[in-house]
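Position 1 is the first residue of the sequence; numbering continues from there.
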Amino acid sequence: MAGRASAMVFSLVLALFAGGASAQLSTGFYSNSCPNMLTAVRSALRPAIARERRVGASILRLFFHDCFVQGCDASLLLDDAPGLQSEKNAVPNMNSARGFDVIDAIKAAVEKTCPGVVSCADVLAVAAEESVVALGGPSWEVKVGRRDSTTASFNGANNDIPPPTSGLANLTSLFAAKGLSQKDMVALSGAHTIGLARCTNFRGHIYNDTDIDAGFARSRQSNCPSTTGSGDNNLAPLDLQTPTIFENAYYKNLVQKRALLHSDQELFNGGAADAQVRSYVSSQEAFFKDFVVGMIKMGDVAPLTGSNGQIRKNCRRIN
């Protein structure tokens with residue numbers, strides 16, 4: 001009897017341990033259940049980036065905007081549905097979030113390899129890392145094991161994603177709310193070394209701010225009229241020199257007061273982040289190292305694990 005009781009206790013402890021382990025993200029989560037997951041991701045992502053390098057920046061941005069709302073749960077990928085208001089239509093995403101079709105293609109490739117195993121949240125996390133690498137940036141082992149949300153937060157998208165009008169204090173606060181330090185924030189902002197922004201998001205900076213190089217402001221004004229509603233969707237590169245190469249030129253622009261967004265120039269404006277920006281100008285290696293640390297930390301923001309959420313078959317809708 002005592003032996004049976006001991007066996008039962010051992011089984012219970014083993015079950016609890018297994019449950020705890022399943023609730024943790026790990027780099028080897030799909031080693032047995034989907035060993036060819038990364039190959040499948042690359043098979044759909046790499047041709048998309050070869051066709052349009054900008055899409056790499058777009059996918060990285062999707063990951064940021066997903067993790068900042070409800071955690072890294074692929075809630076951003078959900079379309080409008082009865083009882084569900086999509087985050088895609090919130091101010092930070094409307095007319096600017098893009099790359100959803102590429103995520104669909106990646107998910108389809110992964111589903112073909114191992115149906116019903118890999119979440120959309122993990123597809124997005126891995127695609128973000130692979131996009132950075134494809135554009136010349138650092139690589140890292142992505143922790144996986146996330147599950148997909150069955151909800152979205154339109155209000156969360158409007159309130160939690162840092163707007164381009166943010167000052168340093170607001171940026172620091174919004175990142176801190178996700179467990180990310182100011183150091184993480186400055187490093188992760190380096191994602192703006194790739195990609196484009198819409199006139200509506202930098203108009204105020206190029207016409208109204210004084211912490212901007214005058215010649216740079218004039219050059220941006222040529223494609224961004226001062227009147228709201230005129231040319232709102234006209235695009236300009238976040239990094240004037242190399243908008244499709246992931247390197248440290250973004251920080252060099254900040255020191256020269258050639259940031260496209262008000263929020264970016266706030267990182268180098270006589271404040272607490274100046275020294276960190278200068279360190280990244282001096283050392284791309286230091287930037288890459290801190291960026292990787294920040295990306296891994298951001299990927300840990302409130303994931304759904306274990307039996308929470310679901311593994312969506314189609315990233316745009318719940319099962």
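Counting heavy atoms from C-beta outward, Leu267 and Met185 have side chains that approach closer than 4.5 Å. Inter-residue side-chain proximity for Thr113 and Met37 is flagged as unmet; no heavy-atom pair is nearer than 4.5 Å. Looking at heavy atoms from C-beta onward, Pro237 lies in side-chain contact with Arg220 at the 4.5 angstrom threshold. Here the side chains of Leu135 and Ile245 are not in contact, with every heavy-atom distance at 4.5 Å or above. Put simply, the side chain of Thr228 reaches to within 4.5 Å of the side chain of Arg203, judged on heavy atoms. Proximity of Phe202 to Pro164: side-chain heavy atoms (C-beta onward) are nowhere separated by under 4.5 Å. Looking only at side-chain heavy atoms (C-beta outward), His205 and Leu261 stay at 4.5 Å or farther from each other. Put simply, the side chain of Tyr250 does not reach to within 4.5 Å of the side chain of Gln241, judged on heavy atoms.
Panel note: side chain Thr244, backbone Arg54; no donor-acceptor pair is recorded below 3.5 Å. For the pair Gln310 (side chain) and Asn319 (backbone), a donor-acceptor distance under 3.5 Å is present. A donor-acceptor contact shorter than 3.5 Å is absent between the side chain of Asp232 and the backbone of Cys199. Looking at Ser283, its side chain does come within 3.5 Å of a backbone N or O of Ala286 through a donor-acceptor pair. Looking at Gln284, its side chain does come within 3.5 Å of a backbone N or O of Asn248 through a donor-acceptor pair. Remark: the backbone N or O of Leu304 is not paired with any side-chain donor or acceptor of Asn308 at under 3.5 angstrom. Listed for the Ser173 side chain is no donor-acceptor partner under 3.5 Å among the backbone atoms of Ala169. Side-chain atoms of Gln221 do not come within 3.5 Å of backbone N or O of Ser226 as any donor-acceptor pair. Checked by atom type and distance alone, the side chain of Lys143 never pairs as donor or acceptor with a backbone atom of Leu25 at under 3.5 Å. Judged by distance alone, the side chain of Gln276 and the main-chain N or O of Lys183 form a donor-acceptor pair under 3.5 Å.
If you check the side chains of Asn36 and Thr39, you find no donor sitting under 3.5 Å from an acceptor. Checked by atom type, the side-chain pair Glu247/Thr193 shows a donor-acceptor distance below 3.5 Å. Judged purely by distance below 3.5 Å, without hydrogens or angles, the side chains of Arg312 and Ser149 pair a donor atom with an acceptor atom. Judged by distance alone, the side chains of Asn89 and Asp80 do bring a donor and an acceptor atom under 3.5 Å apart. With hydrogens and angles left out, the side-chain atoms of Asp184 and Ser181 include a donor and acceptor closer than 3.5 Å.
Among Lys257, His262, Gln265, the one residue that satisfies the side chain to side chain donor-acceptor pair (under 3.5 Å) test with Asp209 is His262. When Arg317, Arg316, Lys313 are each tested for a salt bridge (Lys or Arg N to Asp or Glu O under 4.0 Å) with Asp104, only one passes: Arg316. Considering Leu60, Asn93, Asp160 in turn, Asn93 is the only one that fulfils the side-chain contact (heavy atoms from CB on, under 4.5 Å) rule with His65.
What you find for Ser43 and Ala109 is that their closest heavy atoms are OG-CB, 3.9 Å. Tyr30 and Ser119 make their closest contact through OH-N, 3.5 Å (heavy atoms, listed as atom of the first residue, atom of the second, distance). Heavy atoms only, all atoms of each residue included: Gln182 and Ala272 are closest at OE1-CB, 3.8 Å. Considering every non-hydrogen atom in both Leu240 and Asn253, the closest pair reads N-ND2, 3.9 Å. For the pair Asp66 and Ala74, the tightest heavy-atom approach, listed with the atom from each and the gap, is OD2-N, 2.9 Å. Contact detail for Phe29 and Gln24: the closest heavy-atom pair is CD1-O, 4.5 Å.
Within 6.0 Å of the CD atom in Glu141, the count of heavy atoms belonging to other residues, nucleotides or ligands does not exceed 12. Within 6.0 Å of the CG atom in Asn32, the count of heavy atoms belonging to other residues, nucleotides or ligands does not exceed 12. No more than 12 heavy atoms of other residues, nucleotides or ligands sit less than 6.0 Å from atom CD of Glu285.
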Verdict with reasoning, Val126 to Ile106, per side chain to side chain contact (heavy atoms under 4.5 Å, CB included):
CA-CA 10 Å; Val126 173; Ile106 297 170; over 6 Å; no
List the steps and the verdict of side chain to side chain contact (heavy atoms under 4.5 Å, CB included) for Ser75 and Glu87.
CA-CA 7 Å; Ser75 60; Glu87 294 170 16; 2.7 Å; yes
Side chain to side chain contact (heavy atoms under 4.5 Å, CB included) assessment of Phe268 paired with Arg278:
CA-CA 9 Å; Phe268 191 84; Arg278 287 192 186 280; 3.3 Å; yes
Ser166 and Glu266: side chain to side chain donor-acceptor pair (under 3.5 Å), yes or no, with the steps?
CA-CA 8 Å; Ser166 295; Glu266 281 289 298; over 6 Å; no
Salt bridge (charged side-chain N to carboxylate O under 4.0 Å, His left out) between Glu111 and Lys107: does it pass, once the steps are laid out?
CA-CA 6 Å; Glu111 284 292 302; Lys107 174 65 170 173; 3.0 Å; yes
Evaluate the criterion side chain to side chain contact (heavy atoms under 4.5 Å, CB included) for residue pair Phe288 and Val132; output intermediate values, then yes/no.
CA-CA 11 Å; Phe288 280 8; Val132 170; over 6 Å; no
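Both Val292 and Ile194 belong to a common hydrophobic cluster when Ile, Leu, Val, Met, Phe, Trp and Tyr are linked at side-chain heavy-atom distances under 4.5 angstrom. Residues Met298 and Ile296 fall within the same hydrophobic cluster, defined by Ile, Leu, Val, Met, Phe, Trp and Tyr side chains chained together at heavy-atom separations under 4.5 Å. Leu77 is not connected to Ile311 by any chain of hydrophobic side-chain contacts under 4.5 Å among Ile, Leu, Val, Met, Phe, Trp and Tyr, and they are in different clusters. Clustering ILVMFWY residues whenever any of their side-chain heavy atoms sit less than 4.5 angstrom apart, transitively, puts Phe154 in a cluster other than the one holding Leu76. Leu260 and Val281 sit in two unconnected hydrophobic clusters of ILVMFWY residues. Membership requires side-chain heavy atoms under 4.5 Å apart, directly or through other members.
From Arg258, atom CZ reaches atom CG of Asp213 across 4.5 Å, with rounding to the nearest 0.5 Å. The OG1 atom of Thr150 lies 6.0 Å from the CD1 atom of Ile318; values are rounded to the nearest 0.5 Å. Here the CG atom belonging to Asp73 is positioned 8.0 Å from the CG atom belonging to Asp148, to the nearest 0.5 angstrom. Interatomic distance, Ser189 OG to Phe291 CZ, rounded to the nearest 0.5 Å: 10.0 Å. In this structure, Ile212 CD1 and Ile206 CD1 are separated by 7.0 Å, a value rounded to the nearest 0.5 Å.
Remark: Lys88 pairs with Asp79 by the side-chain hydrogen bond (donor to acceptor under 3.5 Å, both in side chains) rule, at least two apart or across chains. Residues satisfying the salt bridge (charged side-chain N to carboxylate O under 4.0 Å, His left out) criterion with Asp122, sequence neighbours excluded, are Arg146.
Relative ring orientation between Phe287 and Tyr251 is described as perpendicular, the plane-to-plane angle rising above 60° on a 0-90° scale split at 30° and 60°.
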